[in-house]
Asker: 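After the C-alpha cells below, expect a handful of questions from me.
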Amino acid sequence: MTTIQPIRGTHDLLPQEFRKHALVTDVARNVAAAYGYAEMATPIMEFKEIFKRTLGDASDIVNKEMYEIIDRGDAPIVLRPEGTAGVARAVISNGLTQSLPLKYFYAGPMFRYERPQKGRLRQLHQIGIELFGVQDPIGDVEVLSIAYDTLKELGLMNHITLEINTLGDEESRKTYRRHLVTYLKDHHAHLSPESQQRLERNPLRILDTKDEGDKKILKEAPPLAESLTPYSLEMFEKVKEGLELLGIPYKLNPHLVRGLDYYCHTAFEFTTTELGSQGAVLAGGRYDGLMETMGGPSIPGVGWAGGIDRIAMMLKENDLKPLKRPLAIVPMDESIDMKGLVLAKLLQKHGHRVEMTYGGNLSKRLKKATKINACYALILGEKEISSDSVTLKDLESGEQTFIPQIQVVDVLKSKGVL
RNA sequence: GCGGGUGUAGCUCAAUCGGUUAGAGCGCCAGUUUGUGGUACUGGAGGUCGUGGGUUCGAUUCCCAUCACUCGCCCCA
C-alpha cells in the first residue's frame, strides 16, 4: 500500500485502541494506589551496563535483543527492555533505601529487538509494581493480590489462570541444578537440539520446553521440590496459604521457571490461551539478588510486570464505558462561528463535552452533529442571534425549543445533561 | 536469528487457468433538502493489485528479491 510505514514492530495507538490501554493502566494504577504503591517513572534510556549486569550473559538478551542508541558519550546507552532494573537503579541513585519498604507502580513503553508477532512488539507497553525490602512471603502475596485485583476488575480472570512455582533459594537451586543435569545427561541424545544447548547454558529452562520428546523425558526427572531447603519450602507454603486466605485461585506449575539468576523463590505467570503462543499476560516473582547485583545494598524485592498491549487485546469493545454524548454547537453560517465558540466555552466550563461543527449549511452541520453522537444540537442562526437566543434540538426525538441564551445552562441542567 | 502462510480502495473481501476500462459491501463526498440530522433514493471520488527486478508480444496473475503483517521455533527481562 503506502510506502510510508511505522518502524517494524511498532504500532500507532489510535483513539479506540488507546482507550483500552488507558483503561488497563488506570485500573492497575488505582488498585496499586489502594495498596499504597506510588507511581513513579524512570527514563526510557539507561546505560547498557544497568541491564548487562542484571541480565548477565546467559542469554541472547544483552547481545541481540536490546536497542542500542548511538550518542556522543562513551558509555553505551540502550532503550529500556523492561522496567524493574530502571526502578532498582532509581532506588539506588536516589538513596531511597533508608526507609523500607518501598512500594512503586509504573507504566510506560519498553523496547525489545525481537521478531514481531501478535502480542509481541518491538515497542511494547507495560504496567508493573515493585516491592523492595520485604523478605517475608507476605510481600509475594500482596504483590500477587494487586495483580489479581487488577485483572479481576478488568473482567478478565475468567480467561486467565494464575500459575505459580518456587525456585527456592540459591542453595536449593544449586542442588537441584546438579540433580537435573545429572539426570538429563543420561538422556542427552534424546533431547531436542534446543534443550541440548540449554543443558550447557541454562539447564533449568529445559523444564519450560515446548518439545514433546523433552516433556516425556522430564516426566521421570527429579522434581525441584525434593531439592528445596526447609526454609524455601516454608516460604512457598506461606505464599500458597496467603493466596488461599485471600481467595485467589492458582495452579501449581512445577515447570514454571525464570531465565535469570537473580530470581528466587516465588515465580508466577498469569496466562491465557486466547493470545496464541504469547500466553503470558502478566508475570513476575521474587528477585532478592537483584539489588546487590546492581551494586546496591542487599535488599529483597518482589514484583511483576504486565503487558498492556496483550491485556488490552483481551478487552472487548463493550468493556469500555460508552463515551458521554457531547453537545454540538451548530452555527448556521461561518459568520456566526465565533459566537458559537463563545457559547461552547460557557458550557465546557460545566465540564461537559461540547463540540463545534464546522463548515457547510445547517443540514451539513446537523449531519456532523449526528455523526459525533451528540445528544443535543444548539443551533445559532440569524433569528437566534438577533434575540440572544438559541434553538435547542433534541437529536434523539427531533423536538426543538427556542430559548434565551441566558437560560441555556438551566434548561440543560433540568434535562440532566449538565 | 530460523521455518511456514498472507499482502487487491480508508475497512472487510471478490475477480483474472497470463489478455482490452480490476469489482462489491461498508465508509467518505455531493445532490434530492439555500433554517433541520438519523432512514431512503441518485450520483461521485478513491487502486502504478505491498515494493523492486525478471520471464513474456503482454504480469495484479508466473519466478526471484525485498518490506510489512501473521503462525510456530529460538529467546523471554
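Keep in mind it's a predicted model, so treat the numbers as computed, not measured.
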Asker: Let's test this: given Watson-Crick or G-U wobble pairing with both distances under 3.5 Å, identify the partner of B:rU21.
Answerer: none

Asker: When you check the gap from the basic side-chain N to the acidic O, do A:Glu399 and A:Lys393 get nearer than 4.0 Å?
Answerer: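 Salt bridge between A:Glu399 and A:Lys393, a charged N being under 4.0 Å from a carboxylate O: no.
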
Asker: When the nearest nucleotide of RNA chain B is assigned to A:Glu114 and to A:Gly398 on a heavy-atom basis, which residue is associated with the more 5' position?
Answerer: A:Gly398

Asker: Rounded to whole angstrom units, what separation is found between the CD atom of A:Gln197 and the C1' atom of B:rG1?
Answerer: 12 Å

Asker: Write down the distance between NZ (A:Lys368) and C1' (B:rU36), rounded to a whole number of angstrom.
Answerer: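 Distance check: A:Lys368 NZ to B:rU36 C1' gives 15 Å.
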
Asker: Could you list all N or O pairs between the protein and nucleotides 66-72 of chain B that sit under 3.5 Å apart?
Answerer:
| residue | atom | partner | partner atom | Å |
| --- | --- | --- | --- | --- |
| B:rC67 | O2' | A:Gln5 | OE1 | 3.3 |
| B:rC69 | OP1 | A:Gly9 | N | 2.9 |
| B:rC69 | OP2 | A:Arg8 | NE | 3.3 |
| B:rC71 | OP2 | A:Lys118 | N | 2.8 |
| B:rG72 | OP1 | A:Ser277 | N | 3.1 |
| B:rG72 | OP2 | A:Ser277 | OG | 3.1 |
| B:rG72 | N7 | A:Gln117 | NE2 | 3.4 |

Asker: Taking CD from A:Glu399 and P from B:rU36, how many angstroms apart are they, rounded to a whole number?
Answerer: 18 Å

Asker: Starting at atom CG of A:Asn361, determine the distance to atom C1' of B:rA30, rounded to an integer number of angstrom.
Answerer: 11 Å

Asker: Begin with the C-alpha distance, continue with both residues' side-chain angles, and end with the deciding distance and a verdict on side chain to side chain donor-acceptor pair (under 3.5 Å) for A:Thr84 and A:Glu130.
Answerer: CA-CA 7 Å; A:Thr84 303; A:Glu130 316 290 353; 2.9 Å; yes

Asker: To the nearest Å, how far apart are A:Lys364 NZ and B:rG37 P?
Answerer: 10 Å

Asker: Pick the P atom in B:rU16 and in B:rG52, then give their distance to the nearest Å.
Answerer: 25 Å

Asker: If you measure from the P atom in B:rG44 to the same atom in B:rA24, how many Å do you get, rounded?
Answerer: 11 Å

Asker: What nucleic acid atoms does A:Phe402 come within less than 4.0 Å of, heavy atoms only: base, sugar-phosphate, or nothing?
Answerer: nothing

Asker: Please state the C1' separation for the pair B:rC74 and B:rG1 - nearest whole angstrom.
Answerer: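 These two C1' atoms come out 8 Å apart once rounded.
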
Asker: Given atom CD of A:Gln126 and atom P of B:rA77, what is their separation to the nearest angstrom?
Answerer: 11 Å

Asker: Checking all strands, does A:Arg198 fall into the base, sugar-phosphate, or nothing category for heavy-atom contacts under 4.0 angstrom?
Answerer: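 Touches sugar-phosphate only.
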
Asker: Look at the aromatic rings of A:His187 and A:Tyr183 and report parallel, tilted or perpendicular, splitting at 30° and 60°.
Answerer: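 Plane angle between 30° and 60°, so tilted.
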
Asker: Reckon A:Lys371 touches a base, only the sugar-phosphate, or nothing at all at heavy-atom distances under 4.0 Å?
Answerer: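 Contact class for A:Lys371: sugar-phosphate only.
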
Asker: Describe the nucleic acid contact of A:Thr391 in one word from base, sugar-phosphate, nothing, applying a heavy-atom distance below 4.0 Å.
Answerer: base

Asker: Are OP1 or OP2 of B:rA77 and a side-chain N or O of A:Arg258 less than 4.0 angstrom apart?
Answerer: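 A:Arg258 to B:rA77 OP1/OP2: side-chain N or O found under 4.0 Å.
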
Asker: Expressed as a whole number of Å, how far does the C1' atom of B:rU8 sit from that of B:rC13?
Answerer: 9 Å

Asker: What nucleotide among B:rG35, B:rC75, B:rA77 has an atom nearest to a side-chain atom of A:Arg201?
Answerer: B:rC75

Asker: Determine whether A:Arg258 and A:Leu204 make a side-chain contact, defined as any pair of heavy atoms from C-beta on separated by less than 4.5 Å.
Answerer: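 Answer no - side chains too far apart.
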
Asker: Tell which nucleotide pairs with B:rG58, taking only Watson-Crick or G-U wobble pairs whose two distances are both under 3.5 angstrom.
Answerer: none

Asker: In terms of side-chain geometry, is the basic nitrogen of A:Lys152 or A:Asp149 positioned less than 4.0 Å from the acidic oxygen of its partner?
Answerer: no

Asker: Can A:Asp410 and A:Lys413 be counted as an ion pair, charged N to O under 4.0 angstrom?
Answerer: no

Asker: Answer yes or no: does a side-chain N or O of A:Arg205 lie under 4.0 Å from OP1 or OP2 of B:rC76?
Answerer: yes

Asker: Just checking, A:Arg122 and A:Tyr113: is the charged tip under 6.0 Å from the six-membered ring centre and within 45° of the axis?
Answerer: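 Yes; both conditions hold, so A:Arg122 lies above the ring face of A:Tyr113.
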
Asker: Below the 4.0 Å mark, does B:rG37 have OP1 or OP2 next to a side-chain nitrogen or oxygen of A:Ser363?
Answerer: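 So the side chain of A:Ser363 is within the cut-off, an N or O lying under 4.0 Å from OP1 or OP2 of B:rG37.
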
Asker: Between B:rG47 and B:rG10, how far is it from one P atom to the other, in whole Å?
Answerer: 7 Å

Asker: Any chance NZ of A:Lys215 has more than 12 other-residue heavy atoms, nucleotides or ligands included, within less than 6.0 Å?
Answerer: yes

Asker: Suppose we call a contact any N or O donor and acceptor under 3.5 Å apart; does that hold for the side chain of A:Thr370 and the base of B:rG37?
Answerer: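 Answer is yes: a donor-acceptor pair is held.
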
Asker: What I want to check is whether an N or O donor and acceptor connect the side chain of A:Gln400 with the base of B:rG35 at under 3.5 Å.
Answerer: no

Asker: For B:rA9 and B:rC49, measure between their P atoms and round to the nearest Å.
Answerer: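 Approximately 10 Å lies between the P atom of B:rA9 and that of B:rC49.
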
Asker: Work out how far the C1' atom of B:rU20 is from that of B:rG4, and round it to whole angstrom.
Answerer: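 Per the computed distance, 38 Å lies between those C1' atoms.
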
Asker: Compare side-chain N and O positions of A:Lys52 against OP1 and OP2 of B:rA77 and report whether any pair is under 4.0 Å apart.
Answerer: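 It does not, given that no N or O in the side chain of A:Lys52 lies less than 4.0 Å from OP1 or OP2 of B:rA77.
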
Asker: Measure the distance from CD1 on A:Ile385 to P on B:rG35 and round it to the nearest whole Å.
Answerer: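 These atoms are roughly 15 Å apart.
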
Asker: With P as the reference atom in both, quote the distance from B:rG3 to B:rA65 in angstrom, rounded to an integer.
Answerer: 11 Å

Asker: Salt-bridged, A:Lys52 to A:Glu46, with N to O below 4.0 Å?
Answerer: no

Asker: A:Lys367 NZ to B:rG38 P: how many Å, rounded?
Answerer: 5 Å

Asker: Around atom CD of A:Glu170, are there more than 12 heavy atoms of other residues, nucleotides or ligands at under 6.0 Å?
Answerer: no

Asker: Checking all strands, does A:Glu194 fall into the base, sugar-phosphate, or nothing category for heavy-atom contacts under 4.0 angstrom?
Answerer: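 Result for A:Glu194 = sugar-phosphate.
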
